[in-house]
Amino acid sequence: MPTVTMTVNGRAVSGEAEPRTLLVQFLRDTLGLTGTHIGCDTSQCGACVVHLDGLSVKSCSMLAVQAEGAAVTTIEGLSNGELQPMQAAFREHHGLQCGFCTPGMVMSAIDLVNQNPTPSEHDIREWLDGNICRCTGYHNIVKAIKAGAEAMAAGGKR
Ligand code: FES
Ligand code: FES
């Protein structure tokens, strides 16, 4: 089996992966980073979003070998003792119910704010097109992302 090497949450890691192993499987099964969820496995729901070289990707829609040499950040890599501002905003504004979609929502939201520091409600709703919340908690998710964007702009960006 080929060995894949990448940086995950700032740490160099390597592990065996079949050529058909998905990045999300490598993160969850090989590295034990189960904060990245699998909701559909067919690129529909966004539960599996991570950052690859700083940009959000659906980790069920790429192979682990395609991330060879890349820098991956998962939800586990965001906090450094205290919650990243977007995570804190989700908590404060009740942007989650069962929490299954939340890691993907947070990772997507941070990428949005990195690209557009002052997103409108319309921008946020459009960006979340690829993230599904089965609890339909969109109202509070949008509120949380707006607040998270403000907190990141105020200097809490990580
Ligand atoms: Fe990847 Fe649903 S598990 S988009
Ligand atoms: Fe339950 Fe979104 S909070 S799926």
Side-chain angles (χ1 to χ4, degrees), residues 4 6-9 13 15-79 82-116 119-152:
V4 186
M6 63 188 82
T7 304
V8 178
N9 299 335
V13 298
E16 291 187 337
E18 303 258 14
R20 65 194 162 92
T21 301
L22 299 172
L23 177 59
V24 69
Q25 294 170 324
F26 184 76
L27 294 171
R28 289 176 55 88
D29 302 340
T30 305
L31 303 182
L33 296 171
T34 53
T36 301
H37 292 163
I38 301 174
C40 67
D41 222 354
T42 52
S43 199
Q44 309 288 313
C45 75
C48 64
V49 171
V50 299
H51 291 176
L52 185 87
D53 293 331
L55 297 176
S56 55
V57 295
K58 289 178 173 172
S59 59
C60 75
S61 65
M62 66 181 292
L63 300 168
V65 292
Q66 290 177 299
E68 171 71 34
V72 176
T73 305
T74 70
I75 192 79
E76 290 92 343
L78 290 185
S79 89
E82 59 185 57
L83 293 179
Q84 196 273 357
M86 187 62 74
Q87 291 177 298
F90 267 71
R91 183 177 64 180
E92 198 174 322
H93 294 272
H94 308 290
L96 61 142
Q97 293 177 52
C98 78
F100 190 83
C101 69
T102 313
M105 289 284 183
V106 168
M107 298 309 286
S108 290
I110 292 171
D111 187 22
L112 165 64
V113 174
N114 284 339
Q115 295 186 43
N116 174 4
S120 65
E121 180 173 337
H122 176 76
D123 296 334
I124 295 169
R125 288 187 183 274
E126 199 166 71
W127 186 267
L128 292 184
D129 197 35
N131 291 78
I132 293 171
C133 175
R134 288 166 182 76
C135 301
T136 66
Y138 295 105
H139 180 72
N140 283 0
I141 289 170
V142 171
K143 250 173 49 184
I145 294 175
K146 261 214 147 297
E150 282 160 23
M152 284 173 66

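In listed order, ligands and their atoms are each counted from 1.
- Taking every non-hydrogen atom of Q44 and a distance limit under 4.0 Å, the qualifying atoms of ligand 1 come out as 4 (S).
- In this structure, H37 contributes its side chain and C101 its backbone to no donor-acceptor pair below 3.5 Å.
- Rounded to the nearest 0.5 Å, atoms CG (L23) and NZ (K58) are 14.5 Å apart.
- Between C45 atom SG and C40 atom SG, the angle centred on atom 2 (Fe) of ligand 1 amounts to 110° (nearest 10°).
- Considering all non-hydrogen atoms of both residues, G54 and D111 come closest at O-OD1, 3.8 Å.
- In terms of protein heavy-atom proximity, atom 4 (S) of ligand 2 is closest to R134 N, 3.2 Å.
- The SG atom of C135, atom 1 (Fe) of ligand 2 and the SG atom of C98 define an angle of 100° (nearest 10 degrees).
- Residue S43 has at least one heavy-atom neighbour below 4.0 Å for each of these atoms of ligand 1: 4 (S).
- Within ligand 1, counting atoms from 1 as listed, the ones closer than 4.0 Å to a heavy atom of C48 are 1 (Fe), 3 (S), 4 (S).
- With values rounded to the nearest 0.5 angstrom, I145 atom CD1 is found 11.0 Å from N140 atom CG.
- In the model, D123 has a side-chain atom that pairs as donor or acceptor with a side-chain atom of S120 under 3.5 Å.
- Contact annotation: for T42 versus ligand 1, there are no heavy atoms closer than 4.0 Å.
- Side-chain N or O atoms of S59 include one that pairs as donor or acceptor with a backbone N or O of C48 at under 3.5 Å.
- For ligand 1, the atoms lying closer than 4.0 Å to a non-hydrogen atom of G39 are 3 (S).
- The shortest separation from a heavy atom of G137 to ligand 2 is not under 4.0 Å, leaving the residue out of contact.
- The backbone N or O of V142 sits nowhere less than 3.5 Å from a side-chain atom of E121 that would complete a donor-acceptor pair.
- Among protein heavy atoms, the minimum distance from atom 3 (S) of ligand 2 is reached at Q97 N, 3.2 Å.
- Close contacts of ligand 2 with G99, meaning ligand atoms under 4.0 Å from a residue heavy atom, involve 1 (Fe), 3 (S).
- With contacts defined as side-chain heavy-atom distances shorter than 4.5 Å, the pair R134/Q97 does not qualify.
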